[in-house]
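Quantities reported herein were computed from a predicted structural model and do not represent experimental measurements. For ligands, and for the atoms within them, numbers begin at 1 and follow the listed sequence.
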Amino acid sequence: MPDHETPKLLPLVMEEPRGRKKPPRHLADLTTAERKELLEEKGLPGFRAKQLSTHYFARLVDDPEQMTDLPAGQRAELVEALLPGLMTPLRTMEADKGTTVKTLWRLFDGALVESVLMRYPDRATMCVSSQAGCGMACPFCATGQSGLQRNMSTAEIVEQVLAGARALARGEVPGGPTRVSNVVFMGMGEPLANYKAVVGAVRRLTDPTPDGLGMSARGVTVSTVGLVPRIKQLATEGVPVTLALSLHAPDDELRNELVPINTRFSVAETVEAAFEYAETTKRRVSIEYAMMRGINDQAWRADLLADVLYATGADWGWVHVNLIPLNPTPGSKWTASDPADEREFVRRLEARGIPTTVRDTRGSDIDGACGQLAATE
Ligand code: SAH
């Protein structure tokens with residue numbers, strides 16, 4: 001984005017305070033060339049960068065003892081330079097017979113974040129955090145209640161996925177060894193308010209091994225409240241990830257309340273940006289809509305939602321709607337919709353030709369479902 005556009009976003013991106021300590025630099029923060037340069041700056045052989053990358057991204061090794069192709073005398077130095085420890089698991093909670101695992105992590109500066117691994121018969125999804133806390137203040141979301149602590153680094157984001165990949169590869173999750181097939185940026189934080197680090201993480205996840213994890217961009221979903229300039233920018237990155245837009249209301253009056261950033265970017269502007277994203281990337285956008293009883297679940301709002309999605313003049317199936325039954329959060333005055341109202345909402349959207357699904361509420365019994373991540377000890 002050109003610099004002159006930055007001021008518009010400043011209040012929500014929040015400059016990191018000067019002099020604050022940065023997370024340790026890790027190979028996942030760096031391009032392949034930068035990894036090599038960094039070793040050479042430290043007087044270490046540059047070609048070792050590739051070996052370290054192979055251990056990390058291809059072999060999923062995290063124990064230096066197993067990196068036997070590195071000279072024993074240099075191993076510690078090499079590992080410290082490119083594979084420093086980034087986070088410590090404080091607690092894991094399991095549901096669905098161990099196929100849903102929520103992990104609470106402590107970062108180097110004490111910041112706490114959570115990630116959730118969800119294994120299904122046909123795929124394994126890692127839901128990752130991109131910020132400690134969140135500055136978007138959506139009143140129905142637990143993460144939004146305590147504000148933003150800080151942005152996470154690219155490597156801190158990637159390491160959540162790698163932790164899941166290692167657990168799956170080692171057969172620690174019931175169902176036999178497997179890989180991470182999907183990554184969703186639906187944990188704590190607003191990914192597009194930490195744009196650079198998030199795009200860096202997307203690149204690391206999709207770069208071929210051993211430069212990155214070698215995932216397909218199709219398998220990666222970035223979910224946003226709708227930071228319009230950032231959505232436009234993301235469309236130009238050449239990594240066609242799936243975009244999910246947390247809309248939750250089709251009218252500005254209600255959306256201003258549910259997703260406060262709407263006072264800056266209106267429903268019409270936001271939906272238009274999402275449509276342009278679909279046009280550019282040829283990826284169907286997902287509209288997320290948390291169903292709140294008596295708040296946003298009226299039949300007329302389903303009709304209005306269809307109108308809003310058609311207002312783009314789209315002539316192809318650019319969008320689908322994913323309804324999320326509202327998950328309970330502490331102190332929230334709202335509850336999930338009546339199932340009959342939910343069915344009617346679905347029926348009205350489908351009658352207008354909009355594919356609509358209802359998300360399962362995996363992990364809600366361990367406060368690991370959408371909007372429940374609060375990262376408290
Ligand atoms: N900040 C990004 C990423 C978070 S994704 C975003 O808002 O898109 C988490 C998804 O769960 C978002 O769609 C969010 O609006 C939704 N959500 C938040 N609180 C929820 C709750 N209590 N019940 C159901 N969904 C919720």
Under 3.5 Å, N/O to N/O: give me all the pairs between ligand 1 and the protein, one per line with atom names and distance.
residue, atom, partner, partner atom, Å
ligand 1, 1 (N), G189, O, 3.1
ligand 1, 1 (N), E190, OE1, 3.1
ligand 1, 7 (O), S246, OG, 3.3
ligand 1, 8 (O), S223, OG, 2.6
ligand 1, 8 (O), T224, N, 3.3
ligand 1, 8 (O), S246, OG, 2.6
ligand 1, 13 (O), S246, OG, 2.6
ligand 1, 13 (O), E288, OE2, 3.2
ligand 1, 15 (O), H248, NE2, 2.5
ligand 1, 22 (N), F140, O, 3.0
ligand 1, 22 (N), N327, O, 2.9
ligand 1, 23 (N), N327, N, 2.8
ligand 1, 23 (N), C370, O, 3.4

Just checking, any donor-acceptor pair under 3.5 angstrom between side chains of D252 and S266?
->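 Note: D252 and S266 side chains miss the donor-acceptor criterion.
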Any side-chain donor-acceptor pair under 3.5 Å between R35 and S53?
->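 A pair is found: one side chain offers a donor N or O, the other an acceptor, under 3.5 Å apart.
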What distance separates R343 CZ from D338 CG, expressed to the nearest 0.5 Å?
->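 Nearest 0.5 Å value for the CZ-CG distance: 8.0 Å.
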Below 4.0 angstrom, N of the basic side chain to O of the carboxylate: do R352 and D303 qualify?
->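 Not counted as a salt bridge, because no side-chain N and carboxylate O are separated by less than 4.0 Å.
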Evaluation steps, salt bridge (charged side-chain N to carboxylate O under 4.0 Å, His left out), between E159 and R166 = CA-CA 10 Å; E159 175 61 14; R166 291 189 289 260; 2.5 Å; yes
N/O donor-acceptor pair under 3.5 Å between S129 side chain and Q131 backbone =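 No, because the side chain of S129 does not come within donor-acceptor range (under 3.5 Å) of the backbone of Q131.
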